[in-house]
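One structure below.
The structure displayed is predicted, hence computed values, not measured ones. Both backbone and side-chain heavy atoms feed into the values below; hydrogens, waters and symmetry mates do not.
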Amino acid sequence: MAGRNKEDVDKAISMVEALAVKLTQKEGELIQEKFEVKKLANFLKQASEDAKKLVNQEKSFACAEIESARAVVQRFGEALDEQEKNPENSKKSQEVEELIEEVQQARRIKLMHQPSKVMDMELELHALRSQIREKSIFSIKLQKELAINKKAEENKSHVYVLRGSETLGSCLKLQPCSDNAPLLSKSSIQWYRVSSDGNQREIISGANKTMYAPEPFDVGQILQADIVSNGQKVSVTTAGPIASAAGLESYVETLLRKSSSEFNVVISQMNGQDHPSHSTHAFNVGKMRIKLCRGWITKSREIYSTSMLLCGVQGDGKAPAKSLFWQPRKGLSYVLTFESERERNAAILVARKHAFDCSVMLGGPDDEIYK
């Protein structure tokens with residue numbers, strides 16, 4: 001048994017060393033990419049200045065030639081007037097022919113000053129911008145890979161790992177990554193919100209299960225879970241801040257233009273107890289109040305107040321990413337399940353915006369906004 005454990009340890013050490021080498025290579029590539037991007041940016045700046053100088057120079061030349069052409073046309077007009085007065089003057093006729101030749105020469109000069117060089121510079125600048133954009137995208141991709149590799153390297157020394165997409169609308173789940181990890185069912189769990197700089201940490205009240213579905217307050221924050229077992233604490237964090245869901249912001253802006261927004265929901269719990277009925281209710285979010293009803297029957301209707309709570313479900317549910325916790329007033333609470341994750345998050349954001357307009361901050365129990 002001891003020999004087997006030693007082999008496992010040696011194997012794990014080899015994997016960590018290989019990962020460290022790969023990480024070093026990735027960091028070198030990232031540094032090189034940053035250098036190339038900076039070099040391209042400097043070249044683009046210089047090219048822009050050169051193009052600007054060329055445009056100004058061509059513009060000056062063109063203005064001078066245009067003024068010259070105008071003078072020629074004026075002289076041509078005067079010569080025609082003089083010819084009409086003295087049609088037999090051969091000398092004047094000769095001057096007219098010379099003026100015609102000058103006009104033709106002016107036209108040739110105008111054609112010569114077409115902005116072909118400027119167009120070439122613009123095409124070159126466009127190509128350079130495309131290269132910088134590609135380099136930037138590749139640099140961001142490398143940074144993400146580095147973050148993932150660092151997280152994987154850190155997880156080698158951890159006994160638990162977070163599974164799931166780190167975006168609004170997903171669900172994160174704690175899972176053991178070692179056979180020697182203590183059972184999560186026999187451990188104490190607590191989730192926290194951590195600022196992106198790591199200086200502030202806020203407890204998420206009620207979030208003490210193996211699963212947690214990020215809610216709008218979590219966007220831009222890092223999530224951390226502390227697991228305590230046999231007096232030993234292990235912390236697991238997301239690789240980066242929670243990202244918003246694609247298209248959610250524009251959807252919420254559309255809903256905010258309306259006087260009220262209605263969502264189809266099912267009551268999963270009432271006052272902490274499972275609700276027997278699975279019929280569909282209407283969750284109406286207005287500018288002054290929130291109403292829960294089924295047809296003509298109103299279950300609850302309350303104006304925004306400091307006793308009202310609204311947040312994502314903070315525990316293991318059947319569909320935590322689609323559910324929210326709503327306390328209209330003290331002594332009455334619901335867990336409502338929406339048709340989709342987007343509907344749930346939109347309802348929370350719309351309700352919080354309307355409540356804010358009424359000088360009320362909507363959040364969960366013990367959230368920092370109430371302190």
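- Shortest non-hydrogen contact noted between Gly286 and Ser260 is CA-CB, 3.9 Å.
- Of all heavy-atom pairs spanning Ile290 and Ala351, the tightest one is CD1-CB, 4.1 Å.
- Side chain of Thr298 to main chain of Ser300: no donor-acceptor pair is present (N/O by atom type, distance under 3.5 Å, no hydrogens or angles).
- No side-chain donor-acceptor contact under 3.5 Å links Glu262 to the backbone of Val285.
- Nearest heavy-atom pair, Leu332 versus Gln327, reported as atom, atom and distance to 0.1 Å: O-CG, 3.3 Å.
- Sorted by first then second residue, the side chain to side chain donor-acceptor pair (under 3.5 Å) pairs that include residues 347-357, not counting sequence neighbours, are Glu215-Arg352, Lys353-Asp357.
- Around CG of Asp197, the count of heavy atoms belonging to other residues, nucleotides or ligands within 6.0 Å exceeds 12.
- With a 6.0 Å cutoff to the six-membered ring centre and a 45° limit on the axis angle, Arg342 counts as a cation-pi contact of Tyr251.
- Around NZ of Lys173, the count of heavy atoms belonging to other residues, nucleotides or ligands within 6.0 Å does not exceed 12.
- Under a cut-off of 6.0 angstrom, the local environment of CD in Gln232 is sparse, with at most 12 non-hydrogen atoms contributed by other residues, nucleotides or ligands.
- Not one N or O on the side chain of Ser229 forms a donor-acceptor pair closer than 3.5 Å with the backbone of Ser187.
- Across all their heavy atoms, Pro214 and Ser170 have their closest contact at CD-O, 3.3 Å.
- The CG atom of Asn264 lies 9.5 Å from the CZ atom of Phe338; values are rounded to the nearest 0.5 Å.
- A distance of 10.0 Å separates CD1 of Ile227 from OG1 of Thr210, quoted to the nearest 0.5 Å.
- Residue pairs meeting the salt bridge (Lys or Arg N to Asp or Glu O under 4.0 Å) criterion with at least one member in residues 322-337, sequence neighbours excluded, are Glu302-Arg329.
- To the nearest 0.5 Å, atoms CZ (Arg344) and CG (Leu324) are separated by 7.0 Å.
- Rounding to the nearest 0.5 angstrom, the gap separating the CG atom in Leu336 from the CH2 atom in Trp326 is 7.5 Å.
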